[in-house]
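Inspection log for the structure reproduced underneath, given as structure tokens.
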There are 2 protein chains.
Amino acid sequence: MDRTAKKKATIYDLSVLSGCSPSTVSAVLNGSWRQRRIKESTAELIQGLAAKHQYTANLQARGLRRSRSGLVGLLLPVHDTRYFSSMAQTFEACVRSRGQCPVVVSACRDPQEERQIVETLISYSIEALIVAGATDPDGVHAVCEAAGLRHVNIDLPGTKAASVISDNYAGARLLTEAIVRRCGADRPLDATDLHLFGGRDDHASRERIRGFRDAKRDVLGADPDGCITPTGYSPTTSRLAFEDYFERNGRLPRGLFVNSSINLEGLIRFMAHHPNDTFTDLVVGCYDYDPFGSFLPFPVIMIRQDVETMIARAFALLDEGRPAARIHLVTPELVPPRTALRGPLDALKDEAPA
Amino acid sequence: MDRTAKKKATIYDLSVLSGCSPSTVSAVLNGSWRQRRIKESTAELIQGLAAKHQYTANLQARGLRRSRSGLVGLLLPVHDTRYFSSMAQTFEACVRSRGQCPVVVSACRDPQEERQIVETLISYSIEALIVAGATDPDGVHAVCEAAGLRHVNIDLPGTKAASVISDNYAGARLLTEAIVRRCGADRPLDATDLHLFGGRDDHASRERIRGFRDAKRDVLGADPDGCITPTGYSPTTSRLAFEDYFERNGRLPRGLFVNSSINLEGLIRFMAHHPNDTFTDLVVGCYDYDPFGSFLPFPVIMIRQDVETMIARAFALLDEGRPAARIHLVTPELVPPRTALRGPLDALKDEAPA
DNA sequence: AGTAGCTGCACCATCGATTGTGCAATGCGA
DNA sequence: TCGCATTGCACAATCGATGGTGCAGCTACT
């Protein structure tokens, strides 16, 4: 019943133990002791005591005094997607390598949540924030600005802060062309038979749609209306859109441009309710890379966004202090069907199994 | 060039503005004003000023004073897996519904990192911690214990703290039987033709192996040695194990028990280098559910661990204060091939597309 | 009038660390 | 030996919020 939640040692404890003043202890333990001209032997004494008593600094106290916390935030729409979870993974490694502490949170694509969560992070005195895929980046910007918080958009751009995003237009063109190429191998594709599903009224969707249409016009010579069905970023609504198309047309289009892996989940939900042979002959292109998504029973061409570069670029901008509110494009990569790319987890060493 | 990073308003600012003392302002703004017998009109005055000046409490200062922070931690092995990212998603919702702030971090399965990251979280005075899939749960426990931090293991159990885990033995039996059933539809399965890949020397792997072997003995009447290849939790080493098996035997086994979706990624990496017809006839059972993994071109039977229940149970234990160091089993669910389950994202409302 | 009891708030120590400043002791050169 | 520079550290204010305690002013009752 050792219910003693032993109080953690403080600089005052070590001050008493060492016979030095708290300020000396503080200086020794935060590394500023040389410039404060503390004797090496004093430093060693205190460091020894600190180790012995398992001293660790109270970071809230430090943060209060310094009015910063050592925390760096990443605001995601959701965690549960390989795209965003790989972003979290990469972000975390990056932040740790700078000796800071990552805080990854998600706001469920709700503009109000986004702002409120950022308020909270600001209340904890986070030092910088990456705003990924925000529904209302400029709303978030206002909150950050009011608090003087460095921040950068990623994935979806805002107009008020620097943004690092994929070249969605170029990616969509690439993807569209690849779908056509893949379809055309046997018999030529009709322009109405290449349909885009997913996305909504955000910058990424608009750019992808633009790329899709331009590519169709260039490659198929036509871009009829009615070949685009926005569904939002929800598997359920996506599925309903596929069902709807299927009911209207008795089949799916031969070529499918799917706006994101979340929408692709809608497609497999649709599939789960339909026999396999509904999909012979189907060619899918999908934004976002998911390793399993790449190995579905029909060809899935994916666009892998370069998360590592985007995050790195975002940090570079944060380091700049006050970067211009412009958009930085990062080139995404076309991933042929049945391709297993390496991911952030491959950077980890895994100990040899027993 | 409004470079003024306006200092945030404090209770002292509002104190001056309102003509009340800082303690009154504090009481009003943290809700304790009724029990401090502050006049309603005073409260309204201060609340008005707070709203007008966009006051938000400095949570580091509050945390310092109260010696707790409102932060609740989740320690993951990695983010970039549907299993763990869905855990993060569920955890976050849970924490927010309690009015606290989630902090999700990953330690890459490195015992030393695990301890060090937890030390850091403790330095921020987090109030509770869920330790998910830790490589060294008892090491983490020691750190928490020394700081008097409430914590619960999840996914992988420890011996010193309460643990909520899947019933891996039962799940593995279910899965093994399901694989056999699926294989046996055409021609009976030889016991050597059902092989387990993945996992390492942790509780989950051991239980799954035990379930696998017992089920084989029961259903196939034999459980020859050499049908188990631990690979660790890395796609690359998993892939190498499949390659190795393939080279030795000229083919894969007909029935494959894959220890986790990470190991399944190893399988698709293997597949990427082999023609499709290497896998006709293959039946895979895989621990962890991944929506796309469920739709691969061969039957993949999955075990979905009940993350919602596990997290809920974990919070219940945390609320108990000092729960006994026992293991709580949660029953996982068998997921037939080509099944699209709903996930945490389905709880989100998505606004209708434009 | 005296007092008991309430109302409504102010005062002040405190949480743990940081940092500008002051000062005694020592060293050193002239 | 005097004076100045340097060394090595202590002091105390401060970051923003919290909560125990004290106390003036008013009411109500005897």
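Just so you know, these numbers come straight off a predicted model, no measurement behind them. Throughout, a chain's letter reflects where its sequence line sits, starting with A, and its residues are numbered from 1.
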Exercise. Reading nucleotides 21-28 of chain D from the 5' end, what letters show protein touch, with B for base, S for backbone sugar-phosphate only, - for no heavy atom under 4.0 Å?
Worked result: B-------
Exercise. A:Gln60 and B:Leu64: which non-hydrogen atoms are nearest, and at how many Å?
Worked result: NE2-N, 4.0 Å
For this session: Write down the distance between CD (B:Gln60) and C1' (C:dT18), rounded to a whole number of angstrom.
Result: 13 Å
Exercise. So what does B:Ser67 hit on the nucleic acid, given a heavy-atom distance under 4.0 Å: a base, only sugar-phosphate, or nothing?
Worked result: nothing
Exercise. Within the structure, does a side-chain N or O atom of A:Ser23 lie under 4.0 Å from either OP1 or OP2 of C:dT18?
Worked result: no
Problem set entry | B:Asp155 versus B:Tyr83, side-chain donor and acceptor atoms under 3.5 Å | yes
Exercise. Would one find more than 12 heavy atoms of other residues, nucleotides or ligands at under 6.0 Å from atom CD of B:Glu320?
Worked result: yes
Exercise. Could you state the NZ-P distance from A:Lys39 to C:dA24, rounded to the nearest angstrom?
Worked result: 18 Å
Exercise. Between atom CG of B:Leu76 and atom CD1 of B:Ile130, what is the distance when rounded to the nearest 0.5 Å?
Worked result: 10.0 Å
Problem set entry | Nearest-Å distance for atom pair CG/C1', residues A:Leu14 and C:dT18 | 16 Å
Exercise. Are OP1 or OP2 of D:dG16 and a side-chain N or O of A:Tyr124 less than 4.0 angstrom apart?
Worked result: no
Seminar exercise, completed: note: A:Leu59, atom CG; C:dA17, atom P; distance rounded to Å ~ 9 Å
For this session: Find out whether B:Thr81 and A:Leu345 are in side-chain contact, i.e. whether some heavy atom of one side chain is under 4.5 Å from a heavy atom of the other.
Result: yes
Exercise. Nearest to the side chain of B:Tyr12 - D:dA17, C:dT18, C:dG16?
Worked result: D:dA17
Exercise. What pair of heavy atoms forms the shortest contact from A:Ala161 to A:His141, and how long is it?
Worked result: CB-ND1, 3.8 Å
For this session: Report yes if a donor N or O on one partner sits less than 3.5 Å from an acceptor N or O on the other, where the partners are the side chain of A:Arg65 and the base of D:dT14; otherwise report no.
Result: yes
Exercise. For D:dC15, does OP1 or OP2 lie under 4.0 Å from any side-chain N or O of A:Arg68?
Worked result: no
For this session: Among C:dA10, D:dC9, C:dA17, find the nucleotide with the atom closest to the side chain of A:Ile11.
Result: C:dA17
Exercise. When you measure from the side chain of A:Arg62, which nucleotide among D:dG19, D:dG16, C:dT18 comes out closest?
Worked result: C:dT18
Exercise. Are B:Thr24 and C:dA10 close enough that a side-chain N or O sits under 4.0 Å from OP1 or OP2?
Worked result: yes
For this session: Describe the nucleic acid contact of A:Ser32 in one word from base, sugar-phosphate, nothing, applying a heavy-atom distance below 4.0 Å.
Result: nothing
Exercise. To the nearest angstrom, how far is B:Asn58 atom CG from C:dC15 atom C1'?
Worked result: 13 Å
For this session: Have a look at B:Ala27 and say if it touches a base, only the backbone sugar-phosphate, or nothing, with a 4.0 Å heavy-atom cut-off.
Result: nothing
Exercise. Okay, side chain of B:Arg150, backbone of B:Leu318: is any donor-acceptor separation there less than 3.5 Å?
Worked result: yes
For this session: Figure out the CG/C1' separation between A:Asn30 and C:dT19, and round it to whole Å.
Result: 10 Å
Seminar exercise, completed: Here the distance between atom P of C:dT18 and atom CD of A:Gln35, to the nearest Å, is 12 Å
Exercise. Below 3.5 Å, does any donor atom in the side chain of A:Ser21 face an acceptor in the base of D:dC9, or the other way round?
Worked result: no
Exercise. Would a distance-only check, ignoring hydrogens and angles, find a side-chain to backbone donor-acceptor pair under 3.5 Å from A:Ser69 to A:Leu71?
Worked result: yes
Exercise. To the nearest angstrom, how far is A:Ile38 atom CD1 from C:dT18 atom P?
Worked result: 13 Å
